[in-house]
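For reference, the structure is listed below as structure tokens.
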Amino acid sequence: MSAQSPIVDSTRALIGFNELVALLHTVFVKHGTSPDVAAILAHNCASAERDGAHSHGVFRMPGYLSTLASGWVDGKAVPVVTDVASGFVRVDAANGFAQPALAAARGLLVDKARSAGIALLAIHNSHHFAALWPDVEPFAEEGLVALSVVNSMTCVVPHGADRPLFGTNPIAFAAPRADGAPIVFDLATSAIAHGDVQIAARQGERLPPGMGVDSLGQPTQDPKAVLEGGALLPFGGHKGSALSMMVELLAAALTGGNFSFEFNWADHPGARTPWTGQLLIVIDPSKTTGQSFAERSQELVRQMHAAGLRRLPGDRRHRTRAMALEKGIAIDAEALAQLHDWAG
Ligand code: NDP
Ligand code: PYC
């Protein structure tokens with residue numbers, strides 16, 4: 001553990017956001033990424049940890065490193081951006097991570113969205129192993145509306161089917177509002193994210209009912225039974241299943257990426273990152289008529305609060321972020337020691 005990391009209790013230590021980004025950057029570079037890719041992944045991973053999005057923060061580092069070591073992903077890939085049409089940008093991530101592909105195309109995407117009112121970014125040949133909100137929130141911070149979908153790896157049984165086919169396939173949405181942080185939600189279309197099943201298994205906890213099935217297709221609350229030959233269910237029965245199907249179509253069929261069932265990592269022991277695709281749609285709401293969109297979204301939030309709502313999606317993250325930025329990120333002490341070890 002770093003000399004600067006005060007101990008919170010026997011299991012957690014505090015680390016500053018910038019210090020964590022720098023540490024993760026060193027780890028990524030030492031394990032085979034380019035400095036540019038490391039900067040993007042380190043910021044992404046530290047942001048998740050800062051916001052209390054634990055299933056996609058430092059918890060993911062062993063998976064990133066085993067994947068890099070397996071040769072499954074190219075940590076030095078240079079994305080290739082193509083200007084396809086007035087509202088359509090394509091990126092071949094070149095078997096690298098999706099976030100550097102987004103970064104490479106972001107300027108062109110925003111220019112197109114601002115001139116045409118809407119633009120689409122289709123990323124393929126990409127690996128996404130992170131939370132999706134960091135991909136959309138920055139657009140809303142600059143006044144744009146953004147929607148993104150990414151497909152993952154086969155582990156979800158479509159509603160009414162007998163075996164897994166879909167990925168956990170998250171959908172993230174971000175919209176500006178006049179008075180406060182953008183409205184952002186980010187949710188897996190499975191009843192629970194695969195990462196949270198792994199965390200439950202590690203902590204010896206049971207899952208809530210209705211999340212998954214065992215290898216015989218029987219309902220189970222045992223996370224190990226889900227992970228070892230079992231599968232997850234979509235959230236909300238046929239409704240979540242339809243959304244998951246939509247994610248496969250938009251993130252894979254429309255981008256030219258793999259469906260969640262189309263890649264085979266068996267020859268790369270240690271590989272954990274889904275090799276699929278990602279779609280982003282960015283809208284410039286200044287093209288609308290009447291009151292500004294941000295004022296309209298603020299009015300919706302006001303009415304939701306007036307109706308008794310206490311927690312908006314994103315509220316918990318922002319509260320956790322504010323506390324982390326003031327006091328430091330409380331991180332599992334063993335995980336932090338491991339990061340220092342990996343950083344050499
Ligand atoms: P959660 O179910 O924890 O949260 C989903 C959304 O609902 C969040 O925006 C959350 O806001 C909000 N929310 C949760 N509880 C409440 C509540 N009581 N009232 C109001 N809003 C609420 O997320 P998931 O478990 O579905 O997904 C976790 C993460 O896993 C996501 O970041 C997702 O992108 C990631 N993931 C990534 C995949 C990939 O392939 N890269 C695949 C699958 C998942 P808040 O954040 O503020 O709690
Ligand atoms: O938590 O389901 C998940 C997940 C899949 C890929 C990255 N995260």
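The figures here come from the full heavy-atom set of this structure, side chains too, leaving out hydrogens, waters and symmetry mates. Numbers here are sequence positions counted from 1.
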Would you mind checking if [Y] and [X] are paired as a salt bridge, meaning a charged N to carboxylate O distance below 4.0 Å?
{"X": "Glu334", "Y": "Arg12", "value": "no"}
{"X": "Arg302", "Y": "Glu299", "value": "yes"}
{"X": "Glu137", "Y": "Arg321", "value": "yes"}

**Request:** Could you check Arg316, Arg317, Arg319 and say which one makes a salt bridge (charged side-chain N to carboxylate O under 4.0 Å, His left out) with Asp51?
**Result:**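 It is Arg317; the other options fail the test.
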Keeping [X] on the side-chain end and [Y] on the backbone end, is there a donor-acceptor pair under 3.5 Å?
{"X": "Glu295", "Y": "Ala178", "value": "no"}
{"X": "Gln338", "Y": "Ala333", "value": "no"}
{"X": "Thr288", "Y": "Pro285", "value": "no"}
{"X": "Ser66", "Y": "Gly270", "value": "yes"}
{"X": "Asp214", "Y": "Gln218", "value": "yes"}
{"X": "His25", "Y": "Val21", "value": "no"}
{"X": "Ser244", "Y": "Gly240", "value": "no"}
{"X": "Ser152", "Y": "Thr168", "value": "yes"}
{"X": "His124", "Y": "Val91", "value": "yes"}
{"X": "Ser241", "Y": "Gly237", "value": "no"}

What's the spacing between [X] [atom1] and [Y] [atom2] if we round to 0.5 Å?
{"X": "Thr220", "Y": "Leu207", "atom1": "OG1", "atom2": "CG", "value": "7.5 Å"}
{"X": "Leu312", "Y": "Asp315", "atom1": "CG", "atom2": "CG", "value": "4.5 Å"}
{"X": "Thr154", "Y": "Arg163", "atom1": "OG1", "atom2": "CZ", "value": "8.5 Å"}
{"X": "Lys30", "Y": "Trp342", "atom1": "NZ", "atom2": "CH2", "value": "14.0 Å"}
{"X": "Lys76", "Y": "Asp74", "atom1": "NZ", "atom2": "CG", "value": "8.5 Å"}
{"X": "Asp332", "Y": "Thr11", "atom1": "CG", "atom2": "OG1", "value": "6.5 Å"}

Can you label the angle between the Phe259 ring and the Phe261 ring as parallel, tilted or perpendicular, going by 30° and 60°?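 Plane angle under 30°, so parallel.
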Please tell me whether [X] and [Y] are part of a single hydrophobic cluster in this structure, the criterion being side-chain heavy atoms less than 4.5 Å apart.
{"X": "Ile281", "Y": "Val89", "value": "no"}
{"X": "Leu65", "Y": "Leu24", "value": "yes"}
{"X": "Val247", "Y": "Trp133", "value": "no"}
{"X": "Val157", "Y": "Phe235", "value": "no"}
{"X": "Phe139", "Y": "Ile123", "value": "yes"}

Any heavy-atom pair between the side chains of Met211 and Leu233 that's under 4.5 Å? no
_Going by ring-ring contact (aromatic ring centres under 6.0 Å, His included), name the pairs with one or both residues in residues 292-321, residues two or more places apart or in two chains._
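Listed by first then second residue: nothing to list.
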We want to know whether Ser148 and Gln278 form a side-chain donor-acceptor pair, criterion being a heavy-atom distance below 3.5 angstrom.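 Short answer, yes.
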So with a 6.0 Å cut-off around [atom1] of [X], is the heavy-atom count from everything else above 12?
{"X": "Arg296", "atom1": "CZ", "result": "no"}
{"X": "Met323", "atom1": "CE", "result": "no"}
{"X": "Lys327", "atom1": "NZ", "result": "no"}

| query | Are Phe166 and His159 an aromatic pair by the rule of ring centers under 6.0 Å? | reply | no
> Ring centres of Phe97 and Phe129 under 6.0 Å apart?
Replying inline: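 No; Phe129 has its ring centre 6.0 Å or more from that of Phe97.
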Heavy atoms only: give me the nearest [X]-[Y] pair and the separation to one decimal.
{"X": "Pro79", "Y": "Pro100", "result": "CG-O, 3.7 Å"}
{"X": "Ser260", "Y": "Asn169", "result": "OG-OD1, 3.6 Å"}
{"X": "Val136", "Y": "Leu147", "result": "CG1-C, 4.2 Å"}
{"X": "Ala140", "Y": "Pro176", "result": "O-CB, 3.5 Å"}
{"X": "Arg272", "Y": "Thr67", "result": "N-OG1, 2.9 Å"}
{"X": "Ala103", "Y": "Ile40", "result": "CB-CD1, 3.8 Å"}

Exercise for the section: For side chain to side chain contact (heavy atoms under 4.5 Å, CB included), just list the numbers for Val282 and Ile118, CA-CA rounded to whole Å, side-chain angles, deciding distance to a tenth of an Å, and then say yes or no. Expected result: CA-CA 6 Å; Val282 176; Ile118 183 164; over 6 Å; no
Hits for side-chain hydrogen bond (donor to acceptor under 3.5 Å, both in side chains) against Asn95, two or more places apart or cross-chain, chain-then-number order -> His127
Practice prompt. Quick one: do Trp275 and Trp72 satisfy ring pair (Phe, Tyr, Trp, His ring centres under 6.0 Å)? Show the steps, please.
Written response: CA-CA 9 Å; Trp275 178 34; Trp72 172 244; 5.7 Å; yes
Worksheet item: Given Glu19 and Arg50, is the salt bridge (Lys or Arg N to Asp or Glu O under 4.0 Å) satisfied, shown in steps?
Response: CA-CA 12 Å; Glu19 193 191 347; Arg50 175 201 64 200; over 6 Å; no
Item checked: Test side chain to side chain contact (heavy atoms under 4.5 Å, CB included) applied to Leu243 and Ile171, step by step -> CA-CA 9 Å; Leu243 290 174; Ile171 301 174; 4.2 Å; yes
side-chain hydrogen bond (donor to acceptor under 3.5 Å, both in side chains) between Asp284 and Ser286, worked out
CA-CA 6 Å; Asp284 179 0; Ser286 73; 2.9 Å; yes
Practice item. May I have the step-by-step check of side chain to side chain contact (heavy atoms under 4.5 Å, CB included) for Leu227 and His194, ending in yes or no? Key: CA-CA 9 Å; Leu227 296 173; His194 197 264; 3.6 Å; yes
side-chain hydrogen bond (donor to acceptor under 3.5 Å, both in side chains) with His128: of Asp135, Asn151, Thr273, Thr276, only one passes, and it is Asp135
Taking it one step at a time, do Arg177 and Glu141 satisfy salt bridge (Lys or Arg N to Asp or Glu O under 4.0 Å)?
CA-CA 9 Å; Arg177 65 169 158 141; Glu141 285 167 350; over 6 Å; no
Check step by step if side chain to side chain contact (heavy atoms under 4.5 Å, CB included) holds for Leu254 and Leu279.
CA-CA 8 Å; Leu254 197 73; Leu279 186 88; 3.8 Å; yes
(message) Asp83: which residues meet the salt bridge (charged side-chain N to carboxylate O under 4.0 Å, His left out) condition with it, sequence neighbours left out?
(response)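 Only Lys112 meet the salt bridge (charged side-chain N to carboxylate O under 4.0 Å, His left out) criterion with Asp83.
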